[in-house]
Amino acid sequence: MKRNGIIPVGGLSLFLILFVFAGLNGMAQTQELKGAWLFEQGARQHVVVMEDNYLTHAAFDKSAKEFVMTSGGPFQVVDKQLVVNVEFNSEHQEEVGETKKFPFSINAKTLTIDMNGNQVPLSRIDEGRNPLAGTWRMTGRVQDGKQSAMAGGARKTLKILSGSRFQWFAINPETKEFFGTGGGTYTFQDGKYTEQIEFFSRDSSRVGMSLSFEDKVDNKDWHHTGNSSQGAPIHEIWSKIN
């Protein structure tokens, strides 16, 4: 009840406490989800990675070198639900721009997501503990010793890394276009970054390849130097997303 236009302190304090608690609870659950998760459906593998409030889902058959699909976008946790703003979907382009909500439960080793009434259990792969863990956007290149910045338009190439998994993807959320993706496992030690490719949407012959690079993180920029899967020299600059 208001008294002389003033909200009683007790009521306001209770509202603020509940609001802050709900926010902190969502942040804590987001931190619990950090890392990589796996669901196996016969020979098909589904890998979900969550870093920097960004989520990706990739489905592939590693033994058959078959890429199936991928989707993802920024997410938050609200009322024990994963709320995902879809930025790309290689299989269902029409879903780009939609907000999807998935109830979930989690314990130390298992994340169970309710997918349209089906309870999908995912096993934890890692907890996102690595100096490179996060979601990065390619922001520049170095060629012939000269650094050039990339345009910051709607089209973008992102790369998400957990503690042991990586996935890059080229997308345009405004036009709903999906241009390609690849991913697998990686290691990073003493400045040496090595990828083991497990899926590649554009060229399945690259599955199984191991690529090594000399990498370093300078402030918020990640310098990625070596040779591409086609053998061409590259020096890419990636920056953490906001």
Side-chain angles (χ1 to χ4, degrees), residues 29-77 80-96 98-130 133-135 158-171 176 178-186 195-204 206-209:
Q29 286 189 314
T30 300
Q31 193 64 25
E32 278 188 296
L33 294 169
K34 178 180 170 69
W37 303 83
L38 172 68
F39 171 67
E40 294 184 286
Q41 187 180 33
R44 185 171 296 182
Q45 295 190 341
H46 296 260
V47 174
V48 174
V49 178
M50 288 180 269
E51 294 285 346
D52 293 336
N53 292 99
Y54 204 99
L55 176 153
T56 60
H57 165 217
F60 58 96
D61 185 325
K62 186 170 60 174
S63 60
K65 298 184 177 182
E66 178 190 5
F67 166 75
V68 179
M69 61 78 63
T70 186
S71 65
F75 82 95
Q76 58 182 320
V77 175
K80 297 183 179 180
Q81 294 185 98
L82 275 171
V83 181
V84 184
N85 298 320
V86 182
E87 275 203 329
F88 68 97
N89 190 316
S90 66
E91 196 172 41
H92 297 288
Q93 185 180 17
E94 71 279 2
E95 292 188 1
V96 175
E98 295 183 0
T99 298
K100 299 287 187 178
K101 297 181 179 180
F102 305 100
F104 74 92
S105 61
I106 184 173
N107 60 35
K109 295 183 179 180
T110 305
L111 168 65
T112 303
I113 300 177
D114 186 330
M115 303 286 289
N116 301 318
N118 296 315
Q119 302 300 308
V120 180
L122 296 98
S123 302
R124 183 181 285 282
I125 299 173
D126 65 61
E127 298 178 346
R129 294 175 181 170
N130 194 293
T135 304
L158 299 178
K159 196 167 192 174
I160 190 168
L161 295 97
S162 67
S164 61
R165 303 284 316 184
F166 80 93
Q167 182 183 353
W168 66 265
F169 42 101
I171 59 174
K176 303 185 178 184
F178 169 79
F179 302 105
T181 189
T185 62
Y186 81 96
E195 293 181 346
Q196 189 74 30
I197 299 174
E198 292 187 345
F199 63 91
F200 201 105
S201 64
R202 297 172 179 169
D203 184 357
S204 62
R206 301 187 197 180
V207 174
M209 293 181 67

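Worth saying up front: this structure is predicted, and the values here are computed from it rather than measured. Residue numbers start at 1 and run along the sequence shown.
- Put simply, the side chain of R165 gets close to the backbone of G184: a donor and an acceptor are under 3.5 Å apart.
- Put simply, the side chain of D61 never gets that close to the backbone of E66: no donor and acceptor are under 3.5 Å apart.
- Heavy atoms only, all atoms of each residue included: G134 and D52 are closest at CA-OD2, 3.2 Å.
- Classification of the F88-F178 ring pair by plane angle, with boundaries at 30° and 60°, yields parallel.
- You'll find the side chain of I171 stays beyond 4.5 Å of the side chain of V96, heavy atoms only.
- Side-chain atoms of Q93 come within 3.5 Å of backbone atoms of K176 as a donor-acceptor pair (strictly under, hydrogens ignored).
- In plain terms, the two heavy atoms of D126 and S162 that are nearest each other are OD2-OG, 2.8 Å.
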Next item on the list: Apply side chain to side chain contact (heavy atoms under 4.5 Å, CB included) to the pair H57 and M69, showing each step before the final yes or no.
Entry: CA-CA 8 Å; H57 165 217; M69 61 78 63; 3.6 Å; yes
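- If you take CZ on F60 and CD on Q45, they are separated by 4.5 Å, rounding to the nearest 0.5 Å.
- R202 contributes atom CZ, which lies 11.0 Å from atom CZ of F67 (distance to the nearest 0.5 angstrom).
- Atoms NZ and OG1, from K101 and T99 in turn, are 7.5 Å apart once rounded to the nearest 0.5 Å.
- Counting all heavy atoms, side chain and backbone alike, I125 lies closest to S164 at CG2-OG, 3.7 Å.
- Looking only at atom types and distance, the side chain of D114 has a donor-acceptor partner in the side chain of Q119 under 3.5 Å away.
- Scanning all heavy atoms of the two residues, the minimum distance from E51 to G128 falls at OE2-CA, 3.3 Å.
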Margin query: Before you tell me yes or no, could you show the steps for F169 and I160 under side chain to side chain contact (heavy atoms under 4.5 Å, CB included), namely the whole-Å CA-CA distance, both residues' side-chain angles and the distance that decides it to 0.1 Å?
Written below: CA-CA 9 Å; F169 42 101; I160 190 168; 4.1 Å; yes
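- Taking the side-chain hydrogen bond (donor to acceptor under 3.5 Å, both in side chains) definition, one finds that E87 meets it with Y54, K156, sequence neighbours left out.
- In this structure, N89 contributes its side chain and E95 its backbone to no donor-acceptor pair below 3.5 Å.
- When each of W37, F199, F39 is tested with H46 by the rule ring pair (Phe, Tyr, Trp, His ring centres under 6.0 Å), just one qualifies, namely F39.
- In this structure, the side chain of S201 engages the main chain of T181 through a donor-acceptor pair within 3.5 Å.
- Q31 CD to M50 CE: the interatomic distance, rounded to the nearest 0.5 Å, is 11.5 Å.
- Minimum interatomic distance between I106 and E32 (heavy atoms only, all atoms of both residues): CD1-O, 3.7 Å.
- Without hydrogens or angle criteria, S90 side chain to T70 main chain gives a donor-acceptor distance under 3.5 Å.
- Expressed to the nearest 0.5 Å, how far CD of Q76 lies from CG of N53 amounts to 8.0 Å.
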Item checked: side chain to side chain contact (heavy atoms under 4.5 Å, CB included) assessment of Q41 paired with V120 -> CA-CA 10 Å; Q41 187 180 33; V120 180; over 6 Å; no
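- Q167 is not listed as a side-chain neighbour of V49, based on a closest heavy-atom distance of 4.5 Å or more.
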Margin query: Could you walk me through whether N130 and L161 satisfy the side chain to side chain contact (heavy atoms under 4.5 Å, CB included) test, starting with their C-alpha distance in whole Å, then the side-chain angles of each, then the deciding distance to 0.1 Å, before giving a yes or no?
Written below: CA-CA 9 Å; N130 194 293; L161 295 97; over 6 Å; no
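- Distance check, rounded to the nearest 0.5 Å: CG of L158 to CH2 of W168 gives 11.5 Å.
- Under the 3.5 Å distance criterion, with hydrogens and angles disregarded, no donor-acceptor pair is assigned to the side chains of S71 and E91.
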